[in-house]
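Read through the structure below, which is laid out as structure tokens, and then see the notes.
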Amino acid sequence: MSIWEYANPKKFIATTTPWVPVLLWGSIAILVVGLVWGFFFTPDDFRQGSTVKIFYVHVPSALMAINAWFMMLVASLIWLIRRHHVSALAARAAAPIGVVMTLIALFTGAVWGQPMWGTWWAWDPRLTSFLILFLFYLGYIALWEAIEDPDTAADLTSVLCIVGSVFAVLSRYAVNFWNQGLHQPASLSLDKEENVADVFWYPALVCIAGFVLLFIALVLMRTATEIRARRIRALEARMRS
Amino acid sequence: MPDLGKYATEVLLAYGVSIGLLVVIVALSMRRARKVRAQLDQVEARKGPRK
């Protein structure tokens with residue numbers, strides 16, 4: 001069986017519909033476990049005090065903000081190369097979720113930064129590239145809304161997505177590229193020496209799993225909605241003619 | 001409730017806003033999904049059976 005079979009809208013909806021409630025409620029359950037674990041049952045950090053608990057919402061949301069854009073990039077490339085409508089609609093469906101993830105990351109970062117750095121905001125490479133990524137998300141959504149012809153909208157938003165990917169990469173690696181600014185390097189690493197202590201790592205891992213599953217559930221649900229909305233427009237146009 | 005000390009406001013604000021935003025995106029996605037599905041049913045009923 002080929003993955004391209006799911007480029008058929010009917011097949012996509014038939015396959016994903018039964019999975020959406022499972023993924024959605026599963027992700028919510030995992031998120032509740034992760035957040036309760038992180039909030040109630042982890043110790044304070046010896047330097048950061050209780051603000052370390054912000055880690056469990058800040059890191060997973062920042063991770064998803066960047067990876068949502070990469071998912072949109074892959075879907076956009078598939079649209080540009082193979083012209084599968086479902087992939088263009090999947091990219092469109094992911095954008096508002098990416099906005100929310102970016103907003104959570106920016107907000108929790110500011111709230112965490114104030115007591116730790118003494119400022120809500122700094123024009124630090126990572127923070128700035130994250131803000132630009134947020135603006136790209138808004139521009140991407142606005143462009144979809146502004147263009148009436150869906151294929152033209154998909155073409156132009158795909159190009160915008162490719163351009164914006166620079167900032168998605170910078171959001172992740174700006175600290176390594178410039179080695180300056182207030183933001184620390186990545187807290188999570190596969191290298192045990194560099195990774196955060198296990199007592200913080202395990203609940204963070206559960207929260208990350210919850211955020212990832214929630215993102216997948218929402219993208220599948222919203223893509224099916226976009227496919228249906230497109231069918232409504234097509235049927236109405238056919239009935240008018 | 002854990003003792004959050006002098007950073008209680010910051011921690012509670014971060015959790016409150018994050019959970020609030022997640023609830024909003026889930027609720028909006030579910031509401032739109034239901035609405036569009038109902039609209040499609042209506043349009044398909046108006047169009048009549050496929051020939």
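Numbered from 1 within each chain, the chains take letters A, B, ... in sequence-line order.
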To the nearest 0.5 Å, how far apart are [atom1] in [X] and [atom2] in [Y]?
X: M72(A); Y: S87(A); atom1: CE; atom2: OG; answer: 12.5 Å
X: R126(A); Y: L131(A); atom1: CZ; atom2: CG; answer: 14.5 Å
X: I232(A); Y: D41(B); atom1: CD1; atom2: CG; answer: 9.0 Å
X: L89(A); Y: T225(A); atom1: CG; atom2: OG1; answer: 10.5 Å

> Can you list every pair that meets side chain to side chain donor-acceptor pair (under 3.5 Å) and has a residue in residues 19-35 of chain B, with sequence neighbours left out?
Replying inline: R222(A)-S29(B), E226(A)-R32(B)
>> Could you check whether any side-chain heavy atom of F107(A) comes within less than 4.5 Å of a side-chain heavy atom of L13(B), counting everything from C-beta outward?
In response: yes
>> Do L31(A) and L22(B) have side chains that approach each other closer than 4.5 Å (heavy atoms only, starting at C-beta)?
In response: yes
> Do you know which two heavy atoms are closest between M71(A) and F215(A), and how far apart they sit?
Replying inline: SD-CZ, 3.9 Å
>> With a 6.0 Å cut-off (strictly less than), is the heavy-atom count around CH2 of W120(A), excluding the residue itself, greater than 12?
In response: yes
>> Run the salt bridge (charged side-chain N to carboxylate O under 4.0 Å, His left out) test against E148(A) and tell me which residues pass, sequence neighbours left out.
In response: none
>> Between L218(A) and chain B, with a heavy-atom cut-off of 4.5 Å, which part of the residue counts as in contact: side chain, backbone, both or neither?
In response: side chain
>> Counting only non-hydrogen atoms closer than 4.5 Å, can you tell me which residues of residues 32-39 of chain A sit against chain B?
In response: L35(A), G38(A), F39(A)
> Any residues in residues 90-99 of chain A near chain B, with a heavy-atom distance under 4.5 Å, and which are they?
Replying inline: P96(A), I97(A)
>> I'd like to know if D151(A) pairs up with R230(A) as an ion pair, taking the criterion as any Lys NZ or Arg NE/NH1/NH2 lying under 4.0 Å from an Asp or Glu carboxylate oxygen.
In response: yes
>> Let's test your reading of the structure: which of M30(B), K6(B), Q42(B) forms the most heavy-atom pairs below 4.5 Å with chain A?
In response: M30(B)
>> For chain A, which candidate among I19(B), T9(B), L21(B) shows the most heavy-atom pairs at distances under 4.5 Å?
In response: L21(B)
>> Under 4.5 Å from any heavy atom of chain A, what part of V24(B) do you find: side chain, backbone, both or neither?
In response: neither
